[in-house]
*Asks:* 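Okay, handing you the structure first.
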Amino acid sequence: MIDLKALRENPQRFIEGCAKKNVAVDIDTLLKLDAQRRALQTQQETLRAAQNKLSKETGPKIGQLMGKLKGASDVDKPAIQSQITEIKSAPAKMKDEINALESQIAQIEPELNAILLSVPLPPDDDVPVGTTADDNVELSRWAPDDWDWDKSFEANKGFKPRTHLELCEMHNLVDYPRGVKIAGSRSYILIGDAMRLHQAILRFAFDTMINEHGFTPMSVPVLVREEAMVGTGFFPGGRDQAYHINETERGGGYDMFLTGTGEVGLMGIHQDEILDESKLPLKYVTVSTCFRREAGAAGKDTAGLYRIHQFDKVEQVIIDVADESKSRQHHKDMMGFVEGLLKSLKLPHRLLQCCTGDLGVKNADMIDIECWMPGRGDEDQSGTPTGEFGETHSASRLYDYQCRRLNMRYRPGGEGGKGTTTFCHSLNNTVAASPRILIPILEMYQNADGSITVPEALVPHMNGQTKIG
RNA sequence: GGAGCGGUGGCAGAGCGGUUGAAUGCGCUGGAUUCGAAAUCCAGUAUGGCCUUCGGGUCAUCGGGGGUUCGAAUCCCCCCUGCUCCGCCA
């Protein structure tokens, strides 16, 4: 959520932000509703103040008269009674006026809040303006010494690549038909060494974050309330993408949603809290199962392990003080952790600066990390795929957008400090999402005979196994 | 699933229809005392919104929502949540 005050002071910044992000939000209506509400609120509060003052005076009077009434003779009672009625009538009349104003405010608020929640965080000025993923800009790329970007897979390795689909079939690593039988389209079953490899990469990524980068490991809920989805910024915009469990109809007090990323659980931990500044930054890592409906992706990436409804992901999150330069540094650090991981796996990859149109509502900046996947992309004349980058990671810098929604704050100056409470900044980045990351691993580590070498870094997590097939 | 008891400020914990935004204690901040410290004493110490001539004013908030009342932390209803006991399951 953006700061309504900031919007009032500089609406142009947000209007431009919407344009850059290619998001249509009616800022004018929002400002109009906000002005209306404030005017009504001021009126109402003035009346309330008068009412409060009055009832402070009438309270004791009524008490006195009530006492009198008890001891009064039947002759005097009606007179006292009418006095009480009269005293009561003045605040009662004000109450009607206040209620009328309140119902006017209540009429405005739902629309105002709905618009406010959908106003995107303006992108940072150094994010290139663009409309689609085609406008994203490559920042850098890395490959091990034995990989030449200018050459095809075959020229690099001396044999034609098999796609991960072919490799999985060859070694009986994935069972799609049975996955679909159980759970419908985009479902799969990882078998044997594929499941071991899946667990190995997750464990390797998780351990690296904990042991080398000082992140605190967490297990968080993946089945959450709507509040957590709204708080983290996935709702209302991404409602279609989440699985919805209708508990209300079954007698529950609220519905539940399956999270599409561990970010929701991690960020939800400190919702509504005022954090101790001396304990910041908080660095959390989780491994969790992620659920995505992939609505609107019909027909896209239907084959293989690329776009699936359920997967597991190691996710990192950093929560720190509201300081742009610190946020920027964390962002770099978090990408550095991932690059370190990919380098130790010897996976060719690149950093891709997402353009404004590809950022999503909640990010000021987002950088994707894409791994080279030899089995993707167009085919050459001989029917061999020419390879393509595929997104495997996404690093987001959100400033206070998420923490404002989550009401997550800290007090500058520490406990007992004099500063006013301030919304924290938050960032998140994938560490490893599997099985998608298995695609580049299987394809890059395949040998001429179709066997797959286990990446050295993962061997310890595969009980010493060095080869598949 | 049934029964009972709870949810109050950073924490602990009173209040159970009328100057109670809330006693008291702890913690924290400032000051006094001291060569310094401990101890003691004094003062201050919730969050958010709106208005502001920037001195302040004002409204809301005692788990959440609704209701009763001139007036609700306090009474009623619904929901969330914690604990204890019983049942059920592992």
Side-chain angles (χ1 to χ4, degrees), chain A residues 1-9 30-31 33-70 80-106 108-110 112-113 116 221 223-228 230-231 245-257 268-280 400 403-424:
Chain A
M1 184 158 61
I2 57 125
D3 182 4
L4 194 50
K5 247 185 223 162
L7 176 76
R8 259 179 238 144
E9 280 162 19
L30 179 58
L31 285 167
L33 290 172
D34 174 50
Q36 274 177 26
R37 186 185 59 173
R38 271 154 59 220
L40 290 168
Q41 194 180 332
T42 307
Q43 277 184 58
Q44 191 204 28
E45 282 176 6
T46 312
L47 282 170
R48 274 235 172 96
Q51 189 199 32
N52 284 344
K53 203 177 158 197
L54 199 62
S55 69
K56 262 181 194 166
E57 290 165 7
T58 54
K61 273 190 208 162
I62 291 171
Q64 244 179 357
L65 287 168
M66 293 295 263
K68 238 189 207 174
L69 193 64
K70 268 184 197 165
I80 298 170
Q81 191 66 58
S82 72
Q83 246 181 305
I84 292 175
T85 313
E86 200 190 316
I87 292 172
K88 280 184 180 177
S89 71
K93 213 182 277 172
M94 296 179 102
K95 198 181 161 189
D96 289 342
E97 283 179 71
I98 291 168
N99 286 344
L101 287 166
E102 191 167 302
S103 71
Q104 282 185 66
I105 292 171
I108 290 174
E109 263 179 344
L112 192 152
N113 289 335
L116 183 60
L223 186 60
V224 304
R225 293 187 186 180
E226 185 164 5
E227 206 184 349
V230 174
I245 293 154
N246 200 331
E247 280 296 290
T248 323
E249 271 181 15
R250 303 180 63 185
Y254 45 82
D255 286 357
M256 302 294 281
F257 296 86
I269 294 172
H270 297 292
Q271 176 162 9
D272 289 322
E273 289 182 23
I274 298 174
L275 300 169
D276 186 345
E277 190 186 14
S278 67
K279 299 222 167 75
L280 300 176
D400 65 356
C403 293
R404 187 179 292 278
R405 287 180 173 235
L406 287 165
N407 193 26
M408 193 190 302
R409 295 164 293 169
Y410 70 99
R411 196 185 302 281
E415 209 176 331
K418 291 197 171 67
T420 51
T421 54
T422 307
F423 292 108
C424 302

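Chain letters run A, B, ... following the sequence lines, proteins first, then strands; residues in each count from 1. Note that the structure is predicted; figures quoted are calculated from it, not measured.
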*Asks:* What integer number of Å spans the P atoms of B:G13 and B:A3?
*Replies:* 28 Å

*Asks:* Could you tell me how far B:U47 sits from B:C85 if I compare only their C1' atoms? Round to whole Å.
*Replies:* 38 Å

*Asks:* When you measure from the side-chain N and O atoms of A:Y254 to the phosphate of B:G65, is any distance below 4.0 Å, counting only OP1 and OP2?
*Replies:* no

*Asks:* Rounded off to whole Å, could you give me the CZ-to-P distance for the A:R37 and B:C51 pair?
*Replies:* 10 Å

*Asks:* Write down the distance between NZ (A:K5) and P (B:U52), rounded to a whole number of angstrom.
*Replies:* 12 Å

*Asks:* Please determine, for the side chain of A:T42, which listed nucleotide (B:G48, B:C59, B:C50) has the closest atom?
*Replies:* B:C50

*Asks:* Mind checking who B:U68 pairs with, Watson-Crick or G-U wobble, both distances under 3.5 Å?
*Replies:* none

*Asks:* Would you measure the distance from the P atom in B:C5 across to the matching atom in B:C76 and give it in whole Å?
*Replies:* 12 Å

*Asks:* Measuring only the P atom in each nucleotide, how far is B:G17 from B:G30? A whole number of Å is fine.
*Replies:* 42 Å

*Asks:* According to the Watson-Crick and G-U wobble definitions, with both distances under 3.5 Å, which nucleotide is paired to B:C89?
*Replies:* none

*Asks:* Could you grab the distance from atom CG of A:L116 to atom CZ of A:R405, nearest 0.5 Å is fine?
*Replies:* 8.0 Å

*Asks:* Decide, yes or no, whether a salt bridge links A:R409 with A:E277 under the criterion of side-chain N to carboxylate O below 4.0 Å.
*Replies:* no

*Asks:* Both distances under 3.5 Å, Watson-Crick or G-U wobble: report the partner of B:C83, or none.
*Replies:* B:G4

*Asks:* Of all the heavy-atom pairs spanning A:C424 and A:Y410, show the shortest one and how long it is.
*Replies:* SG-CD2, 3.8 Å

*Asks:* What's the closest nucleotide to the A:T421 side chain, out of B:G48, B:U81, B:C50?
*Replies:* B:G48

*Asks:* What is the distance from CZ of A:R409 to C1' of B:G48, rounded to the nearest Å?
*Replies:* 8 Å

*Asks:* Could you check A:R225 against A:D34 and say which one's nearest nucleotide on RNA chain B is further toward the 5' end?
*Replies:* A:D34

*Asks:* What are the two closest non-hydrogen atoms of A:L406 and A:G231, and how far apart are they?
*Replies:* CG-O, 3.4 Å

*Asks:* Send over the distance from A:E45 CD to B:G49 C1', rounded to a whole Å.
*Replies:* 7 Å

*Asks:* Given that both distances must come in under 3.5 Å, which nucleotide forms a Watson-Crick or G-U wobble pair with B:U20?
*Replies:* none

*Asks:* Identify the nucleotide, in any strand shown, that forms a Watson-Crick or G-U wobble pair with B:U53, with both distances under 3.5 Å; if there is none, say none.
*Replies:* none

*Asks:* Please determine, for the side chain of A:R38, which listed nucleotide (B:G48, B:C51, B:U58) has the closest atom?
*Replies:* B:C51

*Asks:* For the CZ atom of A:F257 and the CG atom of A:L223, what is their distance to the nearest 0.5 Å?
*Replies:* 10.0 Å

*Asks:* Could you check how far NZ of A:K279 sits from P of B:G10, rounded to whole Å?
*Replies:* 15 Å

*Asks:* Please give the distance between the P atoms of B:G55 and B:U74 as a whole number of Å.
*Replies:* 38 Å

*Asks:* Give me the distance, rounded to whole Å, that separates B:U19 from B:G36 when you measure between the C1' atoms they each carry.
*Replies:* 46 Å

*Asks:* Specify the separation, in whole Å, of atom CD of A:Q36 and atom C1' of B:C50.
*Replies:* 16 Å

*Asks:* In the strands shown, is B:A60 matched to any nucleotide by a Watson-Crick or G-U wobble pair with both distances under 3.5 Å, and which?
*Replies:* B:U47

*Asks:* For B:G87, decide between syn and anti, treating a glycosidic angle within 90° of 0 as syn.
*Replies:* anti

*Asks:* What is the distance from atom CG of A:N246 to atom CG of A:D255, rounded to the nearest 0.5 Å?
*Replies:* 4.5 Å

*Asks:* Closest nucleotide of RNA chain B for A:N407 versus for A:Q44: which of these residues is on the 5' side?
*Replies:* A:N407

*Asks:* Could you give the distance separating B:G21 and B:C62 at their P atoms, to the nearest angstrom?
*Replies:* 12 Å

*Asks:* Consider the side chain of A:R48, meaning its heavy atoms from C-beta on, and name the nucleotide among B:C59, B:C50, B:U47 that approaches it most closely.
*Replies:* B:C59

*Asks:* Should B:G30 form a Watson-Crick or G-U wobble pair with both distances under 3.5 Å, which nucleotide is its partner?
*Replies:* B:C42

*Asks:* In whole angstroms, how far is the P atom of B:G48 from the CZ atom of A:R404?
*Replies:* 11 Å

*Asks:* Rounded to the Å, how far apart are A:D255 CG and B:C79 P?
*Replies:* 16 Å

*Asks:* For B:C28 and B:G10, measure between their C1' atoms and round to the nearest Å.
*Replies:* 9 Å

*Asks:* Out of A:E45, A:Q43, A:R48, which residue meets the side-chain contact (heavy atoms from CB on, under 4.5 Å) rule with A:I98?
*Replies:* A:R48

